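Letters A, B, ... mirror the listed sequences (proteins, then strands); counts begin at 1. Since we're looking at a predicted model, the values are computed, not measured.
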Amino acid sequence: MAQNIRISEVAQYEGKEVTLKGWVYNVRSSGKLRFILVRDGSETIQCVVFKKDVSEASFAAADALTLESSLSVTGVVAADKRSPLGFEIQVKEIEAIQIAREYPISKKEHGTDFLMDHRHLWLRSKRQHAILRIRHQIIHAAREFFDNRDFILVDSPIFTPNAAEGTSTLFETDYFGSKAYLTQSGQLYAEAGAMAFGKAYCFGPTFRAEKSKTRRHLTEFWMIEPEAAFFDLDDDMRLAEDFVEHLVQSVLKNRRKELETLERNIGKLETVNAPFPKIHYNEAVEILKKNGSEFIPGDDFGAADETIISQQFDRPVIVHHYPAEVKAFYMKRDEKEPQYALAMDMLAPEGYGEIIGGSQREDDYDTLLQRLKEHNLPEEAFKWYLDLRKYGSVPHSGFGLGIERTVAWITGIKHIRETIPYPRLIQRLYP
RNA sequence: UCCGGCGUGGCUCAAUCGGCAGAGCGGGUGACUGUUAAUCACUAGGUUGUAGGUUCAAGUCCUACCGCCGGAGCCA
């Protein structure tokens, strides 16, 4: 009885008889020969069926196979120079498990809308495999990074009672008769985690109801948010650059084949080593002036401005000390220049935009209360948050990294919608 | 919400100045003992997004609407 193996393991079984279970990736035929490309999720291998080598039933089964039919194949693993994998299967027996109906995704090109309508099937393709494997690697590396630095995972709730920061538009839902909102950030809760564990992070989906229609926006995306007690802005920026370096290096080390499948320019990732350039908001404004931007000092940067700034460097760049007015209420201001917040954004290279936003948090009770009032936020809803400043308040900082934007940058793909299995966009809720 | 673009077989697209709706892929039938998005032959498949208008004649021109795509703003 031949052993059941995954295709990724074939090299260990050269000359031996094995059984593979999977799906038909493609079929070609030539006279009394059938070439069946079988994928099982781990790899794809060509299985060669010679009419004279198999039973009539097996050859008939091979003949009836359609794209994405499920099957079981038994045969001998043979080295072959013509194979991209280095091996192929000389089939002895083949059995169809289910003959697939006409598969909607053909081997020729399709439009994105059509493919997105068939996202549940599109996930079977080579390119999507490469992207999602890199996504997996990035998430694995992210958890590994914080776990190795003694951060404790303290997840934030997804239903929240109030329209927290008052900045972005939230999804409203009925929660047993009262209003609840889908979280736009786990940060405020992560701060409570940091006060409990010293170092904490949360990692989960976040929701923004803004009608953004760009290649950088999803309505549902994943964010990882570390928060650390006794960290000032400099500590926060160092944590962020070490973190992003780790993500990139982990992908370079473990997912090189996938990067090649996507034809990513690997040289542009190899330079991503800490320390990253760190520039004051005013320096960023100078860069924009020199490059002919119509930017108005005092504003936040637009997408085109971010691209100009990031193009000056060969690795991500951190911009810090943004004008306090354009930033959130919870950010601490610099004592020496109070018009600036102790805030920082990390811009990915090659125009991929902001991947990290973070800051040192306001830790003084009275100041924070004052900020809430200035922003017309309901004091009652933030009672628990203010508690953190009443009971052993300490300087602390944190940031949030958007997983999908990071995946888009590292994989080099142009649109964020392919970086998540089931993207949620304004016009996309199916499948 | 604003600006720009596009809607033609299942899919990707073509159709010149307004003049007989076409190709490739996919499907079906057949040929082929080394194919790599195999190739070759034959074959079926259309209310040109919707409604109205101009014209001898509209896929093509005009108006409205619907849908989708890209960008801006907002942000990760």
Please state the [atom1] separation for the pair [N] and [M] - nearest whole angstrom.
N: B/U8; M: B/G67; atom1: C1'; value: 16 Å
N: B/G28; M: B/A64; atom1: C1'; value: 43 Å
N: B/G34; M: B/G71; atom1: C1'; value: 49 Å
N: B/U60; M: B/C20; atom1: C1'; value: 15 Å
N: B/G46; M: B/G4; atom1: C1'; value: 31 Å
N: B/C66; M: B/G26; atom1: P; value: 38 Å
N: B/G49; M: B/G59; atom1: C1'; value: 12 Å
N: B/G9; M: B/U43; atom1: C1'; value: 15 Å

Within this structure, what is the [atom1]-to-[atom2] distance between [X] and [N], rounded to whole angstrom?
X: A/Asp53; N: B/G34; atom1: CG; atom2: P; answer: 14 Å
X: A/Arg28; N: B/C40; atom1: CZ; atom2: C1'; answer: 17 Å
X: A/Asn26; N: B/G26; atom1: CG; atom2: C1'; answer: 12 Å
X: A/Glu306; N: B/G71; atom1: CD; atom2: P; answer: 14 Å
X: A/Asp299; N: B/C75; atom1: CG; atom2: C1'; answer: 15 Å
X: A/Phe295; N: B/A72; atom1: CZ; atom2: P; answer: 16 Å
X: A/Arg424; N: B/C75; atom1: CZ; atom2: P; answer: 25 Å
X: A/Leu425; N: B/C69; atom1: CG; atom2: P; answer: 8 Å

**Request:** Name the residue closer to the 5' end of RNA chain B, choosing between A/Leu218 and A/Ala304 according to the nucleotide with the nearest heavy atom.
**Result:**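 Comparing both residues, the 5'-ward one is A/Ala304.
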**Request:** Name the residue closer to the 5' end of RNA chain B, choosing between A/Arg215 and A/Gly111 according to the nucleotide with the nearest heavy atom.
**Result:**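 Closest to the 5' end, via its nearest nucleotide, is A/Gly111.
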Shortest side-chain distance from [X], nucleotide among [options]:
X: A/Ser212; options: B/G73, B/A76, B/U33; value: B/G73
X: A/Asp80; options: B/G34, B/C69, B/A76; value: B/G34
X: A/Arg82; options: B/G34, B/A76, B/G70; value: B/G34
X: A/Gln427; options: B/G71, B/C69, B/C75; value: B/C69
X: A/Ser106; options: B/U35, B/G71, B/C25; value: B/C25
X: A/Thr214; options: B/G71, B/A76, B/G34; value: B/G71

With heavy atoms under 4.0 Å as the rule, sort [X] into base, sugar-phosphate or nothing.
X: A/Gly302; answer: sugar-phosphate
X: A/Gln46; answer: base
X: A/Glu88; answer: base
X: A/Lys213; answer: base
X: A/Ala303; answer: sugar-phosphate
X: A/Phe114; answer: sugar-phosphate
X: A/His118; answer: nothing

**Message:** Is it true that, when you exclude A/Lys51 itself, more than 12 heavy atoms of the residues, nucleotides or ligands shown sit nearer than 6.0 Å to its NZ?
**Reply:**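 For A/Lys51, atom NZ is not crowded (no more than 12 foreign heavy atoms under 6.0 Å).
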**Message:** Looking at A/Glu263, I'd like to know if its CD atom is crowded, meaning that more than 12 non-hydrogen atoms belonging to other residues, nucleotides or ligands lie closer than 6.0 Å.
**Reply:**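 No, the 6.0 Å shell around CD holds no more than 12 heavy atoms from other groups.
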**Request:** Could you tell me whether the side chain of A/Arg428 has a donor or acceptor atom within less than 3.5 Å of a complementary atom in the base of B/C68?
**Result:**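 Under the 3.5 Å cut-off, the side chain and the base do not form any donor-acceptor pair.
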**Request:** Determine whether any donor atom in the side chain of A/His110 lies under 3.5 Å from an acceptor atom in the base of B/C11, or the reverse, and answer yes or no.
**Result:**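 No, no donor-acceptor pair under 3.5 Å.
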Mate of [N] where both pairing distances stay under 3.5 Å, Watson-Crick or G-U:
N: B/U55; value: none
N: B/C42; value: B/G28
N: B/G7; value: B/C66
N: B/C2; value: B/G71
N: B/C13; value: B/G22
N: B/A76; value: none

**Item:** Candidate list A/Arg6, A/Arg133, A/Lys257, test salt bridge (Lys or Arg N to Asp or Glu O under 4.0 Å), partner A/Glu43, passing option
**Value:**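 Exactly one candidate clears the test, A/Lys257.
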On the nucleotide [N], are OP1 or OP2 found under 4.0 Å from the side-chain N or O atoms that [X] carries?
X: A/Arg417; N: B/C68; answer: no
X: A/Arg101; N: B/G10; answer: no
X: A/His415; N: B/G70; answer: yes

Is it the case that the side chains of [Y] and [X] hold a donor-acceptor pair, with the cut-off being a distance below 3.5 Å and no angle test?
X: A/His110; Y: A/Ser106; answer: yes
X: A/Thr19; Y: A/Thr74; answer: yes
X: A/Glu191; Y: A/His396; answer: yes
X: A/Tyr340; Y: A/Asn282; answer: yes
X: A/Tyr201; Y: A/Asp147; answer: yes
X: A/Gln360; Y: A/Arg333; answer: no
X: A/Glu144; Y: A/His246; answer: yes

**Asked** For the ring pair A/Phe146 and A/Phe203, is the centre-to-centre distance below 6.0 Å?
**Response**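 Ring centres of A/Phe203 and A/Phe146 not closer than 6.0 Å.
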**Prompt:** Is the ring of A/Phe221 stacked on the base of B/A76, with centres less than 5.5 Å apart and planes under 30° off?
**Reply:**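 A/Phe221 vs B/A76: stacking yes.
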**Request:** Starting at the 5' end of nucleotides 27-32 of chain B, put B wherever the base has a protein heavy atom under 4.0 Å, S where only the sugar-phosphate does, and a dash everywhere else.
**Result:** S----B
